Peer 1: 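The structure's right below; bear with me while I get my questions together.
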Amino acid sequence: MWLSTWTDWAIFFVIVQIIHFAGTWHLYQKAGRKAWEAAVPVYNAIVMLDIIKRPKWWVILLFLPIISPIIIMVLWVDFIRSYGKRGIGDAILVIVTLGFYIYYLNYVEKPDYTGPEERKETLISALLFAIVLATIVHTYFVQPMIVPTGSMENTIKIGDALFVSKNNYGTRLPNTPVSVPFSDLFSRNLFVEKLQLPYTRLPGWSQVEKNDIVVFNFPTDSVYAPIDRKDNYVKRCVATPGDVLEIKNGVLIVNNQEFTPKSDAVMQSSADFRFKAPLSEKLLQDDFGLVKTDYASGAENAAYRYVFSGLSHELFEKLKNNPNTISAEWRRTPEGQGERNIYPKGENWNQDWYGPITVPKKGMTVNIKDIDVLKDYIYIIENYEGKDLEVRDSKLLMNGNEISEYTFEQDYYFMMGDNRHNSLDSRFFGFVPDSHIIGSPFFTWANLNQAFGFEPRHGWQWERWFTVPNNGEPNKTSYLWIGGIILALFFGWELIFKKKKKQD
């Protein structure tokens, strides 16, 4: 069974309610309730919570994707314990049988209702509570992310540990409601692919705007089909729905105006330099913050050539004015020299000469019979809007019907990395649909480059800890000292409290 529409889920919900009633009605009666109470959707869950003496508001958790499977298993265990089945074996049995052990109790054993056991806080219960709370926060409010690549250097550095707000653009409900919490943070992503919710986003308090740093799911990720299981990418939004974007000789132009990044953005690009004498690595690292992996060098015609993979405009000018410098120029791919992986396929564009192209907007209609227009948008129409396009008898058909125009059903965005020559972005994978937007980073709590061994290593960059990205402030203030005070107060209080408890 593949559940992907609300109709599918409505049918599935009714089936689950029938299964629940068939397996519990007699046990409801044993607890002094009416048999019909096990058949009424939602109300039956409230009654069950009353039987096992759990808070009524837990019924909300039963309808939260990803959280609900955890809560359902807790309720199964609590339910059978309320009928005297309190052994570890019973708990394991009801979980591995997906709750159908309750059928055996309902029709065969028919145990008396004993009420829930006296609950004491244990390590397992505390751990379960922490998992549920953390899963709610991670799924619906704030998602942690560690940046593994340098596509946003030096605005966001390799190893930056970010907190990403999911609420500012509106919380997106998980597409895969049944999955292992936090598995998306590790190498193995564990989820049930055949149970997918349709794309749904709750109202937010802002929309994606030009210059926002945005976290989104990698659109062309071929490993995972569900949107929320694709890799997380972070880039700068440079064009919003309806904008016309163009790049001329490395200069980004949006709506016929040169794009101006925020004041805290550090734009980088590749550059060629020729020096009279080789530069020492100590000089490059101490004066320019560059390490060997940031550049390549070699002798060439009695000069020493350096190719820098990513320089800011400030460093470019600083190196250019060095007395040892013979020549300095930005690296640019020639106009008309197409790149194989450029988007869309067939365009003779590259990363420095691109467009013009219009970013699709929800409700925007285009002449799809124009082959140049079709070439720009055929990929997103088929892959993100779910339409089947084909040419038959010289006619363009969509889902079997001849068409001449197409109206887009969602908004799209154009994302680019600040490290322009070292970024896999919309120039290569195309527009980012609204359905793939996760949120925006609002806090950098650490830089873990040194801990995880990301290259290049720059040591522990304490000045990046506890800073606020994406706020337009070029001189970042580190609030690490405040974090240190909070930790000191926390552990100090714990130490004093435990010491006092021992004396009592």
Side-chain angles (χ1 to χ4, degrees), residues 121-150 152-169 171 181-182 184-186 204-206 211-215 232 234 236 262-266 285-286 289 418 438-454 456-504:
E121 185 175 339
T122 64
L123 178 61
I124 293 177
S125 64
L127 184 62
L128 184 62
F129 174 78
I131 290 174
V132 170
L133 181 61
T135 302
I136 291 174
V137 172
H138 173 267
T139 305
Y140 298 99
F141 298 99
V142 176
Q143 177 173 318
M145 175 186 183
I146 298 177
V147 179
T149 65
M152 287 295 290
E153 293 271 345
N154 272 316
T155 307
I156 294 178
K157 288 181 175 289
I158 295 175
D160 276 357
L162 308 174
F163 283 145
V164 180
S165 168
K166 292 188 168 185
N167 306 122
N168 51 345
Y169 303 137
T171 300
F182 306 106
D184 58 317
L185 298 178
F186 305 101
W205 52 74
S206 66
N211 247 322
D212 284 356
I213 296 177
V214 181
V215 177
N232 297 337
V234 57
R236 185 179 299 279
K262 286 184 177 180
S263 299
D264 62 339
V266 183
Q285 185 163 355
D286 292 348
D418 288 355
I438 297 174
S440 183
F442 68 94
F443 191 67
T444 305
W445 65 270
N447 180 279
L448 303 176
N449 169 285
Q450 199 71 8
F452 285 91
F454 295 130
R457 291 194 181 190
H458 293 293
W460 292 102
Q461 301 178 66
W462 300 109
E463 74 281 357
R464 297 196 66 81
W465 289 55
F466 282 54
T467 57
V468 179
N470 202 24
N471 63 354
E473 294 294 335
N475 298 316
K476 299 297 182 186
T477 301
S478 174
Y479 298 96
L480 180 59
W481 62 275
I482 296 178
I485 291 174
I486 293 173
L487 287 175
L489 290 173
F490 175 78
F491 287 111
W493 171 259
E494 282 284 297
L495 185 65
I496 294 171
F497 180 78
K498 287 180 179 179
K499 186 176 181 181
K500 185 177 179 182
K501 195 171 182 180
K502 283 183 179 179
Q503 290 176 347
D504 294 342

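Nothing here was measured: the structure is a model prediction, and the numbers come from that model.
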Peer 1: Without swapping roles, check the side chain of Asn168 against the backbone of Ser206 for a donor-acceptor pair under 3.5 Å.
Peer 2: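 No, because the side chain of Asn168 does not come within donor-acceptor range (under 3.5 Å) of the backbone of Ser206.
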Peer 1: Please name the pair of heavy atoms, one in Asn447 and one in Arg464, separated by the smallest distance, quoted to 0.1 Å.
Peer 2: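 Closest pair (atom of Asn447, atom of Arg464, distance): ND2-CD, 4.1 Å.
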Peer 1: Would you name the heavy atoms of Val147 and Ile156 that are closest together and state the gap between them?
Peer 2: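 Taking Val147 first and Ile156 second, the nearest heavy atoms are CG2-CG2, 3.7 Å.
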Peer 1: Measuring only between side-chain heavy atoms, which start at C-beta, is Phe141 closer than 4.5 Å to Asn167?
Peer 2: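 Answer yes - side chains close enough.
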Peer 1: State, to 0.1 Å, how close Lys157 and Gln461 come at their nearest heavy-atom pair, and which atoms those are.
Peer 2: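 Distance-wise, the nearest heavy atoms are CD-OE1, 3.1 Å.
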Peer 1: Decide yes or no for Pro441 and Val215: does some side-chain heavy atom of the first lie under 4.5 Å from some side-chain heavy atom of the second?
Peer 2: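 Sidechains of Val215 and Pro441: in contact.
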Peer 1: Classify the angle between the aromatic ring planes of Phe443 and Phe466 as parallel (below 30°), tilted (30 to 60°) or perpendicular (above 60°).
Peer 2: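 Perpendicular: the ring planes of Phe443 and Phe466 meet at over 60°.
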Peer 1: What's the spacing between Asp160 CG and Ile158 CD1 if we round to 0.5 Å?
Peer 2: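 These two atoms lie 9.5 Å from each other.
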Peer 1: Return the minimal non-hydrogen interatomic distance between Pro148 and Ile146, and the atom names on each side.
Peer 2: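 Nearest heavy atoms, Pro148 then Ile146: CD-O, 3.2 Å.
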Peer 1: Any heavy-atom pair between the side chains of Phe163 and Pro144 that's under 4.5 Å?
Peer 2: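 Yes, side chains in contact.
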Peer 1: If you define the side chain from C-beta out and look only at heavy atoms, does anything of Ser478 sit under 4.5 Å from Trp462?
Peer 2: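 Heavy-atom side-chain distance check fails, nothing below 4.5 Å.
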Peer 1: Measure the spacing between CD of Gln143 and CG of Asn232 and express it to the nearest 0.5 Å.
Peer 2: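 So the CD of Gln143 and the CG of Asn232 are separated by 5.0 Å.
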Peer 1: Between Val266 and Asp418, is there a side-chain heavy-atom distance shorter than 4.5 Å?
Peer 2: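 No - every pair of side-chain heavy atoms lies 4.5 Å or more apart.
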Peer 1: Does Thr171 reach the main-chain N or O of Tyr140 with its side chain, forming a donor-acceptor pair under 3.5 Å?
Peer 2: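 Indeed, once roles are kept as given, a pair shorter than 3.5 Å links the two residues.
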Peer 1: Should the ring pair Trp445 and Trp465 be called parallel, tilted or perpendicular, given that the plane angle runs from 0 to 90° and is split at 30 and 60?
Peer 2: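 Rings of Trp445 and Trp465: perpendicular, over 60°.
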Peer 1: Under a 3.5 Å cutoff, is there a donor and acceptor pairing between the side chains of Asn471 and Lys476?
Peer 2: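 Indeed, the side chains of Asn471 and Lys476 share at least one donor-acceptor pair under 3.5 Å.
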Peer 1: Could you tell me which non-hydrogen atom of Ile213 sits nearest to which non-hydrogen atom of Tyr169, and how far apart they are?
Peer 2: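 Result for this residue pair: O-OH, 4.4 Å.
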Peer 1: Where do Pro469 and Asp264 come nearest, in terms of heavy atoms and distance?
Peer 2: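 Closest heavy-atom pair between Pro469 and Asp264: C-OD2, 4.2 Å.
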Peer 1: Can you find a pair of side-chain heavy atoms, one from Asp212 and one from Lys262, that are under 4.5 Å apart?
Peer 2: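 Asp212 vs Lys262: side chains touch.
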